[in-house]
Amino acid sequence: MTDGARRTPKFPLRLDQMSVAKQKAASAPPAREVLRPQQPLQHAAATSARKAMPTGLGLDSAGVRRRMVERLRQDGLRHEAVLAAIAHVPRHLFVDAALATQAYEDTSLPIGHGQTISKPSVVGRMIELLMGGANARTSGQPARVLEIGTGCGYQAAVLARLARQVYSVERVKPLHDKARELMAPLRIGNVRLVYGDGMLGHPPNAPYDAIIAAAGGESLPAAWIEQLAVGGRIVAPVSDNGVRQVLVVVDRTEQGCERSVHEVVQFVPLKSGLVR
Ligand code: SAH
């Protein structure tokens, strides 16, 4: 999903985006579909390789993770619970065996179908923002989180350490299946993986205290706003003038929605419809 988040936007933001602007969010149109050729998923091969794999990480992947977390802390990630969650989840198990030695570098990696696992720093940053939502702050954790774009399931596994219940939607069936397979050995009881078009949110379990998107569209789909609880927060990449993406935070209040714009990011496109 992501890459290349920069803390400081390189280009001038429009004035209305620099300040926290109150917006009538329900008027947001659905994101535009962006078509891309599919790439084969090396799923079966990766799975069998993983079973026999010496990861090259030795027995101390926890130690490698701790060092990665220290680097994230030095780079400005401050939320201790988020850092602890990242320190806990074995990211190397979510990528192909051949990429396992790169799993604890701060880089995105391919997961098949033209998609990528997010950079740890971007996962951390987005979840840190998510934890700043009113409901998450009040109760210490968001009770119900909706993730758009399961991918390989890594971010869902991190979210599971921080939220009571996570619903994660993926539109590409082979990726949805792969995430299920990768997560099974971790025995995570509070993530429900959903095969569906996340642009429609996931109405059965709405409202959500937090919605986090791992893919970016032209605007925030109206369904996400509609399915956000009062006191809930959305963190999502949104295209800014079609040239680049910025992280957008939307807080739902009794009065409406407040929107703020954060750093420039690079996520895969949010697409509508399903891939079988
Ligand atoms: N969170 C993932 C990142 C996956 S990349 C991880 O930790 O690995 C982003 C994912 O969003 C891709 O798998 C892509 O297929 C998915 N995606 C894009 N548009 C979507 C939509 N409308 N609904 C659900 N998933 C979508």
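Read the numbers this way: they start at 1 and go in the same order the structure lists the ligands and their atoms.
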With a 4.0 Å heavy-atom cut-off (strictly under), which part of A215 contacts ligand 1: side chain, backbone, both or neither? side chain
Tell me whether I188 is reachable from I212 by hopping between hydrophobic residues (I, L, V, M, F, W, Y) whose side-chain heavy atoms are closer than 4.5 Å. yes
Is the shortest distance from a heavy atom of H113 to ligand 1 less than 4.0 Å? no
Any Lys/Arg nitrogen of D177 or K173 sitting under 4.0 Å from an Asp/Glu carboxylate oxygen of the other? yes
For ligand 1, which atoms, with element, lie under 4.0 Å from some heavy atom of L175? 13 (O)
For ligand 1, which is the ligand I care about here, please tell me if G198 has any N or O atom under 3.5 Å from one of the ligand's N or O atoms. yes
Between R233 and E258 (salt bridge meaning N to carboxylate O under 4.0 Å), is one present in this structure? no
Counting from 1 in the order shown, the ligand 1 atoms closer than 4.0 Å to a non-hydrogen atom of V268 are 9 (C)
Nearest heavy-atom pair of A236 and W224: which atoms, and what distance? CB-CZ3, 4.0 Å
Could you check which of K271, E147, K178, Q155 puts a non-hydrogen atom nearest to atom 19 (N) of ligand 1? K271
Can R91 be said to sit on top of Y154's aromatic six-ring, NZ or CZ under 6.0 Å from centre and within 45° of the ring axis? yes
Could you tell me whether S118 and ligand 1 have an N or O pair separated by under 3.5 Å? no
Nearest heavy atom to atom 25 (N) of ligand 1 wins, so pick from K119, M126, R171. R171
Kindly identify the option in V123, I117, T150 whose heavy atom sits closest to atom 2 (C) of ligand 1. T150
Hey, is D197 touching ligand 1 through its side chain, its backbone, both or neither, going by heavy atoms under 4.0 Å? both
We want to know whether R125 and S121 form a side-chain donor-acceptor pair, criterion being a heavy-atom distance below 3.5 angstrom. no
Under 3.5 Å: N/O of G149 near N/O of ligand 1: yes
Could you check if a side-chain atom of V158 sits within less than 4.5 angstrom of a side-chain atom of I127, using non-hydrogen atoms only? yes
Mind checking whether S272 has a heavy atom under 4.0 Å from ligand 1? no
Is it the case that the side chain of D96 and the backbone of A98 share a donor-acceptor pair, with hydrogens and angles ignored and the cut-off at 3.5 Å? no
For M199, atoms of ligand 1 separated by under 4.0 Å from a heavy atom: 22 (N)
For P269 and ligand 1, answer yes if some heavy atom of the residue is under 4.0 Å from a ligand atom, otherwise no. yes
Tell me if the CZ atom of R164 is crowded by more than 12 foreign heavy atoms within 6.0 Å. no
Under 4.0 Å from ligand 1, counting heavy atoms only, is it the side chain of Q115, its backbone, both or neither? side chain
